[in-house]
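Down below is the structure, laid out as structure tokens.
Throughout, residue positions are numbered sequentially from 1 according to the sequence presented.
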Amino acid sequence: FYAHLLADATDVQQIQEHLAHLVELEFIIAGAGDEYHFSNLLSHEVAYNSLLLAQRQTLHCRIAAALERHASRAARLESQYAALADHYERGGLWPKALEYRLKAGARARRLYDNSVAVAHLNRAIDVLSRWEQGPQSLLEDAAAYPAVSPGFFDVQRVEVWTSRGDVLALTGQYESAQADFRAALERSQSDESRAELYWRIGSIHEKLGQYDAALAALQKGIGLVEPTPQSSVLPRLLSTLGWVFIRQGQPEQTRAVSM
């Protein structure tokens with residue numbers, strides 16, 4: 001932990017004197033700059049478990065808020081997404097926990113750290129389930145839990161399942177990816193979104209050589225958005241459908257699709 005974050009997140013005066021005393025007692029170890037480490041895991045657990053749940057939640061949320069401020073000023077907020085998600089999650093502040101868990105997952109995807117991305121998205125699903133059960137933080141700030149619209153949790157789950165499915169498909173975990181896409185399909189609330197999911201499902205079937213299943217999925221997607229020429233997914237559906245016909249040796253069908 002860092003002394004400047006601890007000072008910012010608590011009301012403790014003369015923080016350096018207290019830390020120096022704990023160093024003398026060998027409870028913590030001073031690191032580089034204002035960084036400190038617990039001398040061992042037991043010391044950390046004793047300190048953490050000595051706090052009441054409300055105190056722990058409040059402290060986690062205050063540390064997260066302090067970390068946001070300092071990281072933003074230093075233009076390194078992105079590198080702190082995972083830490084912020086952890087603190088807000090432990091603080092039971094689900095809206096912030098979800099925000100940073102999704103950002104951490106997206107960052108991991110950009111870095112091609114696929115296993116980490118999946119882990120963050122798994123945690124995001126868990127956060128959504130907890131949030132849907134009701135606020136569990138003991139913070140008094142009601143504004144921390146904004147009112148959500150009907151269907152909010154379904155929309156969020158569709159986003160997470162789709163993102164996780166994309167990562168799983170990229171790493172060749174096709175069965176798990178299909179399960180995510182189909183789960184998202186059940187909760188999706190728009191024809192465009194459902195068509196996107198049918199394209200993903202059909203694309204996996206096409207990669208696996210399951211051409212009849214690919215055709216069924218792609219045609220369902222096309223049926224949803226064909227009356228909407230401005231649809232962004234329609235060209236992808238038609239292109240993948242054309243490749244399926246080529247794989248099946250039906251060039252005449254491919255020409256019909258391209259017309």
Side-chain angles (χ1 to χ4, degrees), residues 81-82 85 98 100-130 132 151 153-226 228 231-258:
Y81 286 161
L98 179 64
Y100 283 111
R101 194 60 70 191
L102 292 176
K103 287 181 176 179
R107 181 173 187 265
R109 286 186 65 184
R110 290 195 297 273
L111 296 174
Y112 298 101
D113 199 344
N114 296 316
S115 61
V116 171
V118 169
H120 282 303
L121 293 168
N122 290 343
R123 294 277 289 273
I125 290 291
D126 184 53
V127 168
L128 278 168
S129 297
R130 292 182 176 186
E132 194 170 22
F153 293 104
D154 280 347
V155 169
Q156 294 299 312
R157 282 193 177 91
V158 168
E159 178 184 343
V160 178
W161 279 325
T162 302
S163 296
R164 189 173 65 181
D166 285 342
V167 179
L168 293 169
L170 183 65
T171 56
Q173 300 177 67
Y174 296 125
E175 186 175 344
S176 296
Q178 292 283 47
D180 272 353
F181 294 148
R182 293 191 184 283
L185 191 60
E186 291 180 5
R187 302 289 186 98
S188 182
Q189 299 177 10
S190 73
D191 287 344
E192 185 77 8
S193 174
R194 283 192 286 272
E196 286 272 1
L197 290 161
Y198 276 123
W199 172 71
R200 284 170 163 83
I201 292 168
S203 295
I204 289 179
H205 284 309
E206 187 269 331
K207 286 179 182 177
L208 296 175
Q210 299 166 348
Y211 299 129
D212 289 342
L215 284 174
L218 294 168
Q219 287 168 344
K220 285 180 181 178
I222 291 169
L224 288 169
V225 294
E226 196 169 27
T228 312
S231 167
S232 62
V233 70
L234 183 58
R236 280 176 282 146
L237 285 161
L238 293 172
S239 175
T240 306
L241 183 66
W243 277 110
V244 172
F245 285 136
I246 289 173
R247 301 277 193 271
Q248 289 185 314
Q250 301 182 57
E252 69 285 353
Q253 293 286 1
T254 303
R255 286 193 292 270
V257 168
S258 62

For E175, give me all partners under side-chain contact (heavy atoms from CB on, under 4.5 Å), at least two apart in sequence or on another chain. none
How long is the gap from CD on E226 to CD on Q219, to the nearest 0.5 Å? 10.0 Å
Compare all side-chain heavy atoms of D212 with those of H205 and state whether any distance is below 4.5 angstrom. no
Quick check: do T162 and D180 have side-chain heavy atoms less than 4.5 Å from each other? no
Separation between CG of L215 and OG1 of T240, rounded to the nearest 0.5 Å: 11.0 Å
Can you sort out the partners of S193 under side-chain contact (heavy atoms from CB on, under 4.5 Å), two or more places apart, ordered by chain and number? V158, S188, S190, L197
dist Q173:CD -> R164:CZ (nearest 0.5 Å) comes out at 10.5 Å
Using every non-hydrogen atom in the two residues, find where E206 and Y211 come nearest and quote the distance to one decimal. O-CE2, 3.7 Å
If I take atom CG from residue L102 and atom CD from residue E159, how far apart are they, to the nearest 0.5 angstrom? 5.5 Å
So do the side chains of L185 and I201 get within less than 4.5 Å of each other, counting heavy atoms only? yes
Which residues pass the ring pair (Phe, Tyr, Trp, His ring centres under 6.0 Å) test with Y174, sequence neighbours left out? none
State, to 0.1 Å, how close L121 and V160 come at their nearest heavy-atom pair, and which atoms those are. O-CG1, 3.5 Å
Nearest heavy atoms of A117 and G105, plus distance in Å: CB-O, 3.7 Å
Provide the closest heavy-atom pair for G202 versus A214 in the form atom of the first, atom of the second, distance. O-CB, 3.5 Å
Any residue meeting side-chain contact (heavy atoms from CB on, under 4.5 Å) with R123, in chain and number order, not counting sequence neighbours: D86, E89, R101
Is the shortest heavy-atom distance from the side chain of S232 to the side chain of E196 under 4.5 Å? yes
So, using side-chain contact (heavy atoms from CB on, under 4.5 Å) as the criterion, who are the partners of A177 when residues are at least two apart? L168, A169, F181, I204
Of all residues at least two apart in sequence or in a different chain, which pass the side-chain hydrogen bond (donor to acceptor under 3.5 Å, both in side chains) check with W161? none
Flag the pair Y198 / L224 as yes when at least one side-chain heavy-atom distance between them is below 4.5 Å, and no otherwise. yes
Interatomic distance, NZ@K103 vs CG@L98, rounded to 0.5 Å, equals 11.0 Å
Which pair of heavy atoms, one from A195 and one from G221, lies closest together, and at what distance? CB-O, 3.7 Å
Hey, does R236 have a side-chain heavy atom less than 4.5 Å from the side chain of S231? no
For L128 versus F153, what's the shortest heavy-atom pair and its separation? CD2-CD2, 3.8 Å
Between the side chains of N114 and R109, does any donor sit under 3.5 Å from an acceptor? no
